[in-house]
Amino acid sequence: MNNIKKTLLVTGGAGFIGSHVVRLFVNKYPDYLIVNLDALTYAGNLENLKDVEAKENYIFEKADITDEPRMQELFDQYKFDGVIHLAAESHVDRSILDPLQFVRTNVLGTVNLLNVARKFWNGNFEGKRFYHVSTDEVYGSLGEEGFFTEETAYDPRSPYSASKASSDHFVMAYFHTYHLPVVMSNCSNNYGSHHFPEKLIPLMINNIRNNKPLPVYGKGENVRDWLYVEDHARAIDVIFHNGREGEKYNVGGFNEWKNIDLVHLLCRIMDTKLGREEGESAKLISYVTDRPGHDLRYAIDATKLNKELGWSPSLQFEEGLEKTVDWYLRNEEWINHITSGNYKHYYETQYDQR
Ligand code: NAD
Ligand code: DAU
């Protein structure tokens, strides 16, 4: 290809959000070469990208972000203009089972990438950008009132959020110390297609489909702020291109739901889709031991992103949830491939001990 204007490295592009980001960029920017780098851990799945894998401006590289020589080799080979860094261990429950893996990938992997980018760009930062994708969980837990803003102090409570908070601090440290041109965002809970069924929404959809118990942690009163994944991908596009250097942006849907209310809504949608009697799926709800250190409430104030860059969510939650359920029902093969493999073992370990 000789019409390439920019070469971008997207890390974690075979995962849930990463695959939506890759799809958006490959389709929207035919003059960008998108290099998707992913270690293909249990959460990485190239089936997520079947529809773009043959595109001329897309390349996949299997690699681990903690592998310094390999990262250097890839920077030398592709001469990246920008990095959109999503690769991470992302599941809170797994971080409670194995915190060190989260330190390795989320902290050491991020610092390794920052270092390699800094060395490769070597002070020539014109047109360069390192975008770090982070989470609202770094802010800790809210009470009944209030929102997380970009000024909220970090107060991570789980090994996952502590590892993400640490990586965020390193990103800002590279900006202040080495003037690396960084930008960062902290997003609320995403939902949508290609979401790994260890997470609440796809797990519930899959269990309802299979008439299995629906494990609600504690009393189900914890609150999350849900955003459609394609809206997050659009926010990443806008922030990558127009966000101010050294700044962070909160991304969220102003869409708070108590877990138990969300599970009931899903049950109602699934009853209709599966032709079940109203209330049938809800009988599967089973209250189980709470997640240790379970954050009560997350709620994002995304005013800065809206005012500065004009972004706002495009979908109402009920509409997005219905689209999501439809996707899972249409893509049984995708979910069967995942749930028949190593995930089965994790599921048994996680839920049998409760
Ligand atoms: P995911 O677990 O679905 O995907 C993570 C991807 O990273 C996988 O493809 C995996 O193979 C890859 N990966 C893991 N370790 C790697 C390594 N060492 N080297 C290279 N690749 C590796 O995660 P997700 O839900 O898509 O989240 C993506 C990013 O967005 C993460 O940084 C996460 O913290 C952040 N985030 C997620 C949410 C959410 O609701 N899911 C919300 C806000 C922020
Ligand atoms: O807020 C952003 C974060 O959202 C991201 O940074 C994380 O990567 C992502 O996994 C997500 O974290 P949560 O812990 O909020 O998501 P999860 O889907 O695991 O859980 C959502 C809520 O549902 C939480 O309150 C725990 C509860 N839950 C979860 C599972 C898996 C249950 O009640 N039962 C379950 O089986």
Side-chain angles (χ1 to χ4, degrees), residues 10-22 36-46 48-49 61-67 70-71 84-96 101-102 104-106 108-110 112-113 132-139 141 148 158 160-161 163-164 167-168 185-192 194-204 207 213-227 229 232-233 236 251-252 257-260 262-263 285-291 294-300 347 350-351 354:
V10 179
T11 72
F16 166 47
I17 301 171
S19 61
H20 285 277
V21 171
V22 166
N36 169 17
L37 180 162
D38 200 295
L40 299 183
T41 67
Y42 79 93
N45 183 356
L46 289 177
N48 295 352
L49 288 164
E61 291 284 355
K62 183 171 186 311
D64 189 320
I65 55 167
T66 63
D67 181 343
R70 182 91 164 99
M71 291 306 108
I84 304 181
H85 174 39
L86 296 113
E89 288 292 339
S90 68
H91 192 36
V92 174
D93 293 325
R94 288 188 192 251
S95 81
I96 296 166
Q101 185 55 37
F102 284 67
R104 272 184 221 113
T105 300
N106 299 358
L108 296 179
T110 301
N112 189 40
L113 267 183
H132 177 59
V133 176
S134 193
T135 169
D136 60 358
E137 300 204 9
V138 298
Y139 298 122
S141 184
F148 297 133
S158 73
Y160 164 68
S161 54
S163 69
K164 291 296 290 186
S167 65
D168 290 12
S185 58
N186 296 79
C187 188
S188 64
N189 286 63
N190 287 213
Y191 71 97
H194 306 90
H195 201 182
F196 196 88
E198 65 190 351
K199 309 282 168 59
L200 181 74
I201 290 181
L203 184 138
M204 294 296 166
N207 285 13
L214 309 180
V216 173
Y217 295 168
K219 294 183 179 151
E221 283 178 352
N222 303 65
V223 174
R224 297 293 182 265
D225 173 0
W226 294 95
L227 179 70
V229 63
H232 187 192
I236 289 174
V251 189
W257 283 79
K258 268 193 186 160
N259 292 339
I260 189 63
L262 168 49
V263 172
I285 292 174
S286 153
Y287 291 93
V288 298
T289 313
D290 209 352
R291 173 185 279 174
H294 196 172
D295 290 337
L296 178 67
R297 176 173 165 255
Y298 305 143
I300 277 281
Y347 190 88
Q350 174 67 10
Y351 293 96
R354 289 172 179 274

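All ligand and atom numbering here is 1-based and tracks the order in the structure. The structure displayed is predicted, hence computed values, not measured ones.
Not a single N or O atom of Glu89, backbone or side chain, sits closer than 3.5 Å to an N or O atom of ligand 1. Annotation: Met204 places no N or O atom under 3.5 Å from an N or O atom of ligand 2; distance criterion only. Backbone and side-chain nitrogen or oxygen atoms of Asn222 are examined, and none is located within less than 3.5 angstrom of a nitrogen or oxygen of ligand 2. Considering backbone and side-chain atoms together, Thr66 places no N or O closer than 3.5 Å to any N or O of ligand 1. Taking any N or O of Glu198, backbone or side chain, none lies under 3.5 Å from an N or O belonging to ligand 2. Ligand 2 has a nitrogen or oxygen under 3.5 angstrom from a nitrogen or oxygen of Tyr217. Between Pro215 and ligand 2, at least one N/O pair is under 3.5 Å apart. The shortest N or O to N or O distance between Asp93 and ligand 2 is not under 3.5 Å. Note: no N/O pair closer than 3.5 Å links Cys187 and ligand 1 by distance alone.
Shortest contact from atom 13 (P) of ligand 2 to any protein heavy atom: Glu137 OE2, 3.4 Å. Closest to atom 26 (C) of ligand 2, if we only count protein heavy atoms, is His294 NE2, 3.4 Å. Of all protein heavy atoms, the one lying nearest to atom 1 (O) of ligand 2 is Asp136 OD1, 2.5 Å. Scanning the protein for heavy atoms near atom 14 (O) of ligand 2, the closest one is Arg291 NH1, 2.6 Å. Given atom 44 (C) of ligand 1, the protein heavy atom at minimum distance is Ser134 O, 3.1 Å. When only non-hydrogen protein atoms are considered, atom 36 (O) of ligand 2 lies nearest to Tyr351 OH, 2.6 Å.
A donor-acceptor pair under 3.5 Å is absent between the side-chain atoms of Thr105 and the main chain of Phe102, judged by distance alone.
In this structure, a donor-acceptor pair under 3.5 Å is present between the side chains of Tyr298 and Glu137.
Residue contacts with ligand 2, taken as heavy atom pairs separated by less than 4.0 Å, involve Asn259 solely via side-chain atoms from C-beta onward. Heavy atoms of Lys199 found under 4.0 angstrom from ligand 2 belong to the backbone as well as the side chain. Both the backbone and the side chain of Asn189 come within 4.0 Å of ligand 2, judged by heavy-atom distances. In Ser188, the part holding a heavy atom less than 4.0 Å from any atom of ligand 2 is the backbone.
The shell of residues lying under 4.0 angstrom from ligand 1, judged by heavy atoms, includes Leu40. At a 4.0 Å cut-off, not a single heavy atom of Lys164 sits close enough to ligand 2 to count as contact. Not close to ligand 2: Gln350, with no non-hydrogen atom less than 4.0 angstrom away.
Within the 4.5 Å cutoff, no side-chain heavy atoms of Arg291 are placed close to those of Asn222.
Checked against the 6.0 Å centroid criterion, the rings of His20 and His194 qualify as a close aromatic pair.
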| side chain to side chain donor-acceptor pair (under 3.5 Å) between His132 and Ser167, worked out | CA-CA 9 Å; His132 177 59; Ser167 65; 3.2 Å; yes

